[in-house]
Number of protein chains: 2
Amino acid sequence: MGTSLRDVAVLAGVSVKTVSNVVNGYAHVAPATRAKVEEALARLDYRPNLSARNLRQGRTGVIALALPELDAPYFAELSRFVIDAAAERRWLVIIEQTDGDLERERQILDGVRDHRVDGLIFSPIAIGADELAARTDDTALVLLGERIHDGPADHVAIDNVRAARDVTEHLIGLGRTRVAALGAQDSSISGTAPLRLAGYRQAMAAHGMPETVATVERYHRADGFAAMTALLERERPDAVFCFNDLLALGAMRAILSSGLRVPGDIALAGLDDIEDGRYSTPTLTTVAPDKNELARIAVDLLKRRIDGRAGYAPQEVRAGYRLMVRESTAAPSPS
Amino acid sequence: MGTSLRDVAVLAGVSVKTVSNVVNGYAHVAPATRAKVEEALARLDYRPNLSARNLRQGRTGVIALALPELDAPYFAELSRFVIDAAAERRWLVIIEQTDGDLERERQILDGVRDHRVDGLIFSPIAIGADELAARTDDTALVLLGERIHDGPADHVAIDNVRAARDVTEHLIGLGRTRVAALGAQDSSISGTAPLRLAGYRQAMAAHGMPETVATVERYHRADGFAAMTALLERERPDAVFCFNDLLALGAMRAILSSGLRVPGDIALAGLDDIEDGRYSTPTLTTVAPDKNELARIAVDLLKRRIDGRAGYAPQEVRAGYRLMVRESTAAPSPS
DNA sequence: AACCCTGTGTACAACGTTGGAACAACGTTG
DNA sequence: CAACGTTGTTCCAACGTTGTACACAGGGTT
């Protein structure tokens, strides 16, 4: 093991507790003593043993971030912000992946593989509100990106319904008449899919337009590709709102491969504002959630939960978003 | 705090150590006793306190993965595999980002923010071999994706030189005559850039072809876009090997925006095989490192370092890769 | 009958840390 | 100058776990 307080204490000629006091910035330490101790600390390159500290005071300084998959760009970008926001609180972040698997989501909720973490930021897909409410583990919890209505935990997300409605309105505003939605899910009850679908429906209803909804299993490019390919055979939409950018990029590939043009033949919009969509050809119209704000709020909520043992009511916080209009929904040019 | 061994022991009417023995699968426990204890364990929903266990054993069960940025797809994809591979060892993974900043790389090397972790998988960019060799921290270390020749630590990577040469040979094999390299770096001494540049040079020299090298600051799409835009004005290459896929996708966007065609006018290849390149239009020819193998080897090496206190010589391991030929270097079709 | 195994269980100490009580040294005050 | 509060430091215990040492029973061997 490395150097302990004891080693430092011996070198500095003081007691272990005095060294501890210096390390923890306790006020009443004589300047001379403090200097001695600090020199010894530096000489021995002391690092606190967090296992011991944690054992003593029940804190680890580590939080967990559980999400479906790290290699989905949206979650990767979000993770970066969460790690940065946590760093400001001097927290470290352990990342766990659920792959959207119900069993693994249950395990996460039940405790991060038996490790004690101070808190958990969780982006669930498969698990339902009832199970969330019934959890026994009492680790501080913040839910991310999903609305468990009147749920048992704090929650941050953008207003998915409104965002979806905005995008759909934008597509309708282009003069398109056959606007399809791509990304509904049969299974996922608690994900964002139902919310985005609701937003799409609101907009379509408001304009008295017929709905076309394509369903997918997951939210990957491959699913977007497959669903769009099918859609091109069944119906021939002239605009498609994909429930996330990965689906949209897969759909874009399908449309272009089939010889049709974007936005000439089909206007296309996504949601998430992942970087790929800013460099695709054409660039992708999308909704940009303020990921930094999402991460920051999540960490702040978690901080409050961890500090305030008091069980106040669960908070529901909305983060901002912006509609980013790009080439994939530009007015058809004569070229 | 949760239930401890003590609570279980009281309920089962045995000593704390006996419960510990049951939990740890110690052989010599009478079946009757074991049954009693196991029932008590279940009744109280016992979870071992890992802080205490770690304090006792001097292990944390947590490793750190330090990389430039999580939101670069290559690193996100790699992280997924590292987390999965670590999970098989029952390790958790803390992720730290350096942004390629020298100072932050130094800090990481010096200890993961004062936390004790069992090991560190580190993908450095800025830091040099000398500093790596001089580090004082004795946490197990495995370097990822970079060759510090005769370095002080275990190391996994693909053969960057050969991979770069393969790609360049492929471009030359298409009959292209003005093959440019995009992605050299002035600063980074220890990154993979010099290796990839060397591979390009070898291939070009072997065919007696003139070199064109474009330099970038970083490895993002924006850098690829800017460098390619500049390249289109200066020279007019008919093939470009970008040192990673992000650069290639940025370059692709620049080429297409300027009205030229890929691969018709310019053939384009990258390296990394990120998912975006499989859905771009055209799809991107690239080198696919076996990321799963990379991650697995890194974790295995770390495991050996952590277990074997013995300081054997640093290992250098190569992971495999494949050239993925896609549309961006297809033979020009008449269309 | 004395012996030594083997199997099963317990008691104790220790990992490194910190909260709190105890205490020593000091200057201030009546 | 004695009583007192303040400041600085030490001592002790405890967080939950596990390695070591040991106690004790029962059974087989001399």
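Note that the structure is predicted; figures quoted are calculated from it, not measured. In the text below, chain A, chain B and the rest are named by the order of the sequence lines, each starting its count at 1.
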Nucleotide nearest A:A30 (side chain, heavy atoms from C-beta), chosen from D:dT17, C:dC15, D:dT9: D:dT9
Just the rounded figure in Å: distance from P of C:dA14 to CD of B:Q57. 18 Å
For D:dT18, does either OP1 or OP2 sit under 4.0 Å from a side-chain N or O belonging to B:R53? yes
With both distances under 3.5 Å as the test, what is the Watson-Crick or G-U wobble partner of C:dT28? D:dA3
Indicate, with a heavy-atom threshold strictly under 4.0 Å, whether A:S4 touches base, sugar-phosphate, or nothing. sugar-phosphate
Both distances under 3.5 Å, Watson-Crick or G-U wobble: report the partner of D:dC22, or none. C:dG9
Atom CZ of B:R6 and atom P of D:dC15 are separated, to the nearest Å, by 7 Å
Are B:K303 and B:D307 close enough, and set up right, to give a salt bridge (Lys or Arg N to Asp or Glu O under 4.0 Å), and what steps lead you there? CA-CA 6 Å; B:K303 168 80 174 160; B:D307 287 348; 3.2 Å; yes
Protein-nucleotide distance (B:L55, atom CG; D:dA14, atom C1'), rounded to Å: 12 Å
Whole angstrom value for the distance that separates P of D:dT18 from CG of B:L5: 6 Å
B:S20 side-chain N/O to D:dT17 phosphate OP1/OP2 under 4.0 Å: no
For B:T139 versus B:V117, what's the shortest heavy-atom pair and its separation? CG2-O, 3.5 Å
Touch class at under 4.0 angstrom, heavy-atom based, for A:V16 against every strand present: base
Closest non-hydrogen atom pair between A:L109 and A:R135, with its separation: O-NH1, 3.5 Å
For the pair made of CZ in B:R56 and P in D:dC15, what is the distance, rounded to whole Å? 17 Å
Tell me the interatomic distance from B:R59, atom CZ, to D:dT17, atom C1', rounded to whole angstroms. 16 Å
According to a strict under-4.0 Å criterion, is A:N24 in side-chain N/O contact with OP1 or OP2 of C:dT18? yes
Spacing of A:Y26 atom OH relative to C:dG20 atom C1', expressed in whole Å: 10 Å
Considering heavy-atom distances to DNA chain C, does A:S51 or B:V29 have its closest nucleotide positioned more toward the 5' end? B:V29
5'-most contact on DNA chain C (nearest-nucleotide basis), A:N21 vs B:R34, goes to B:R34
Do B:N54 and B:T60 pair up side chain to side chain, a donor and an acceptor below 3.5 Å, judged on atom types alone? no
Any idea which heavy atoms bring B:S20 and B:L5 closest together, and the distance? CB-CD1, 3.8 Å
Counting only side-chain nitrogens and oxygens, does A:S15 get under 4.0 Å of the OP1 or OP2 atom of D:dC11? no
So what's C:dG19 paired with, Watson-Crick or G-U wobble, going by both distances under 3.5 Å? D:dC12
Looking only at heavy atoms, what is the nearest atom pair of A:S79 and B:L70, with distance? CB-CD2, 3.5 Å
Heavy-atom donor-acceptor pair, B:K17 side-chain to C:dG9 base, under 3.5 Å: no
In whole Å, I'd like the distance from the NE2 atom of B:H28 to the P atom of C:dG9. 11 Å
